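For reference, the structure discussed in these notes is given below.
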Amino acid sequence: MTHVQDHFNIWLRDAFAAEGQSITMLTSQAKRIQNYPDIKGRVEEHLVETENQQELLRGLLERNAGPPLIRTVAGKLSTAAQGISGMLAGDEIVKGAMATYIFEQGEIASYRVLLAAADELGDAEAQDVLSRIMEQELAMAGWLYDHLDVLTRIYLMRDERDLQAKR
Ligand code: MG
Ligand code: FE
């Protein structure tokens with residue numbers, strides 16, 4: 001039987017790896033977006049938050065002295081591959097915003113699980129850190145939900161007028 005603490009450590013490492021993927025994805029988007037300043041600004045803001053989140057998770061992991069963080073490599077590779085296929089799409093701004101929205105929902109699910117496990121462990125420090133990260137993920141997902149509508153309309157309008165629309 002695996003103990004609660006072991007599950008928690010594994011889920012924490014998974015979350016750390018996911019934040020690494022997120023940094024790769026957001027960095028590439030921030031660099032490529034040209035015609036959508038609102039999206040670019042929000043992506044840059046969440047990139048800074050995400051780098052901080054990863055450091056907070058590193059702190060929790062080092063405190064628990066878990067196994068070394070080696071599981072991030074495969075994740076980075078698959079994110080890079082996604083990034084490249086996204087660039088080939090004529091609607092990369094739309095596909096990118098959708099991918100980020102989906103990614104945020106995955107993060108929300110993973111922090112929900114981690115918060116339950118931290119509560120079971122009575123780990124108040126982890127609960128505090130994880131709640132702060134959760135707020136940022138919910139805010140980013142909510143922002144994207146609100147802006148996917150106008151983003152789509154601006155994309156369609158630019159494309160219709162033969163303005164550069166894809167990014
Ligand atoms: Mg995150
Ligand atoms: Fe996020």
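All ligand and atom numbering here is 1-based and tracks the order in the structure. Quick caveat: nothing in here was measured; it's all calculated off a predicted structure.
- In this structure a side-chain-to-backbone donor-acceptor pair under 3.5 Å is present from Q29 to G96.
- Angle NE2(H46) to the Fe ion (ligand 2) to OE1(E107): 170° [nearest 10 degrees].
- Nearest N, O or S atom of E137 to the Fe ion (ligand 2): atom OE1.
- Between E92 and K95, no side-chain nitrogen of the basic residue sits less than 4.0 Å from a carboxylate oxygen of the acidic one, so the salt-bridge criterion is not met.
- Contact annotation: the side chain of T100 approaches that of M25 to within less than 4.5 Å [non-hydrogen atoms, C-beta and beyond].
- Electrostatic pairing of D123 and R63 counts as a salt bridge here, judged by a charged N lying under 4.0 Å from a carboxylate O.
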Practice problem: Please assess T50 against L26 for the test side-chain contact (heavy atoms from CB on, under 4.5 Å), listing each intermediate value before the final yes or no. | Solution: CA-CA 9 Å; T50 302; L26 296 168; 3.6 Å; yes
Scan the side chains in residues 37-45 for donor-acceptor partners under 3.5 Å anywhere in the protein, sequence neighbours excluded, and list what turns up.
residue: K40; atom: NZ; partner: A30; partner atom: O; Å: 2.7
residue: K40; atom: NZ; partner: I33; partner atom: O; Å: 3.0

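- The N, O or S atom of E104 with the smallest distance to the Fe ion (ligand 2) is OE1.
- Panel detail: the Mg ion (ligand 1) has protein N, O or S atoms under 2.8 Å away, 5 in number.
- Between the side chains of Y111 and E107, no donor-acceptor pair is found at a separation under 3.5 Å.
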